[in-house]
Amino acid sequence: MRAVRRCLSVALLVVVAGCAASQSADPADLDGLLVLAGDTTTAHLTAWVGGAAMDAGRGVETPDGAAWVAAGRADVLVAALRDGSLRLSDPARNGGGGLDWRSVKARGESGAVEAGPFYFPTWDPDGGRFAALAGDLDTDPQLTLIDPSTDAAFSIPLGRPVAAAPPAWIGTDQVAILTGTAEAPTSILVDTTNGAIVDGPSGAHLLAASADGLIVAMTDSAGTVTIRTADAWRSGDGSSIGSVDLPAGAVAPSSVALDATGGRLAIAWLTDARTINVAVHAKARDWRRVGMPTIGKAAGAVIAWFR
């Protein structure tokens, strides 16, 4: 059953091929969007910045084998590679060709390099450190906190199997991690100050948070994407600030991402035609779709936003 949720592995999610549709939109709705898309061997990162139209995203150089990307402070990117290693870029918003990436050698308290492998690095609300899942996610998973300015790392054993899905910062010092199975998804909440772990809400198949950690978006078994405040999700009060239903022709959302303050939501949809479409929705327009950026032929898509 857990194999079903492995569709979020770092091998660029699900294996399909397709080309996103195009439609008229305000370029500002896409500003800061990042889409890593490709096939089972090669991925290409595209950025929509400076008012670029949907078909005018700019290519951003990525290291070979990139399977996940996230943007931190000062437009620095962290990438997870298929081999489980991590890379850090120099500022990328206005870069592209010639962008430099360095290896991240996460060193624990003893000074020894952490073995990894690392998955789904996700920046904290300040954008200066990131958390990544590490180790064997079925038998000995850990949450590793890394300060890339020093490569200092601190690992928290999680003590239970976790889903191959991105963690989400839902506050300055708390990370939500998905657990359970596809039939019965659950979560845990990890306090990054002391390593304490408590059970979190159930029902989310995917979970993403705004960069400030105040808004979350989650998917359910019906494919609906619901947007809530992090406090409302954590408390389980059932309230929401919006939702996006499974569109006609779609099978399921395969990746979701909120922008810095949670005002825009990007969704990668797997369609029944075995294609991936990326759609952007805006809170200012009652969460209606405001654009479908062109991503070209791809085997999957991972979505992020510059801060």
Donor-acceptor contact present, side-chain Arg307 to main-chain Ala71, <3.5 Å
yes
Does one side chain, of Asp237 or Ser239, offer a donor that lies under 3.5 Å from an acceptor on the other?
yes
Would you call Arg285 and Asp26 a side-chain contact if the rule is heavy atoms closer than 4.5 Å?
yes
To the nearest 0.5 Å, how far apart are CG in Asp124 and CG in Asp212?
12.0 Å
Say you draw a straight line from CD1 of Ile146 to CH2 of Trp123; how long is it, rounded to the nearest 0.5 Å?
9.5 Å
Side-chain (Arg264) to main-chain (Asp31) donor-acceptor, under 3.5 angstrom
yes
Any side-chain heavy-atom pair from Pro63 and Leu81 closer than 4.5 angstrom?
yes
Quick check: do Leu214 and Thr229 have side-chain heavy atoms less than 4.5 Å from each other?
no
Is there a side-chain contact between Leu133 and Leu143 in this structure, where contact means two heavy atoms from C-beta onward sitting under 4.5 Å apart?
yes
Atom CZ of Arg234 and atom CZ of Arg228: how far apart are they, to the nearest 0.5 Å?
13.5 Å
Do Ser254 side-chain atoms and Leu270 backbone N/O form a donor-acceptor pair below 3.5 Å?
no
Residues which pass salt bridge (charged side-chain N to carboxylate O under 4.0 Å, His left out) with Arg107, listed by chain and number, not counting sequence neighbours
none
Who pairs with Trp101 by ring-ring contact (aromatic ring centres under 6.0 Å, His included), at least two apart in sequence or on another chain?
none
Any sub-3.5 Å donor-acceptor pair from Thr122's side-chain atoms to Phe120's backbone N or O?
yes
Here the gap from Ile267 atom CD1 to Met292 atom CE, rounded to the nearest 0.5 Å, amounts to 10.5 Å
Strictly distance-based, threshold 3.5 Å: is any side-chain N or O of Ser187 a donor or acceptor partner for the main-chain N or O of Ala176?
no
Show your working on side chain to side chain contact (heavy atoms under 4.5 Å, CB included) between Leu99 and Asp90 and close with a plain yes or no.
CA-CA 7 Å; Leu99 191 66; Asp90 49 12; 2.6 Å; yes
Going by an N to O cut-off under 4.0 Å, is there a salt bridge joining Arg160 and Asp199?
yes
Let me see the working for Arg87 and Ser89 under side-chain hydrogen bond (donor to acceptor under 3.5 Å, both in side chains), right down to the final yes or no.
CA-CA 7 Å; Arg87 301 288 189 274; Ser89 80; over 6 Å; no
Side-chain heavy atoms of Thr275 within contact of Trp269, under 4.5 Å:
no
Determine yes or no for a side-chain-to-main-chain donor-acceptor pair under 3.5 angstrom, with His281 supplying the side chain and Arg289 the backbone.
yes
Leu33 and Trp305, any side-chain heavy atoms less than 4.5 Å apart
yes
Nearest-0.5 Å distance, CG of residue Asp245 to OG1 of residue Thr224
4.5 Å
I'd like to check Thr226 versus Ser243 (side-chain heavy atoms, cut-off strictly below 4.5 Å). Are they in contact?
yes
When you check the gap from the basic side-chain N to the acidic O, do Asp173 and Arg129 get nearer than 4.0 Å?
yes
Check each of Leu88, Val69, Leu36 against Leu77 using the side-chain contact (heavy atoms from CB on, under 4.5 Å) test, and report the only one that passes.
Val69
Ile241 side chain near Ile215 side chain, heavy-atom distance below 4.5 Å
yes
To the nearest 0.5 Å, how far apart are CG in Asp100 and CD in Glu61?
8.0 Å
For Asp64, which residues count as a salt bridge (charged side-chain N to carboxylate O under 4.0 Å, His left out) partner, sequence neighbours excluded?
none
Ser210 and Leu258: which non-hydrogen atoms are nearest, and at how many Å?
N-CD1, 3.7 Å
So, Trp68 side chain and Val302 main chain: donor-acceptor pair closer than 3.5 Å or not?
no
Sidechain-backbone polar pair: Asp136 side chain, Asp140 backbone, donor-acceptor under 3.5 Å:
no
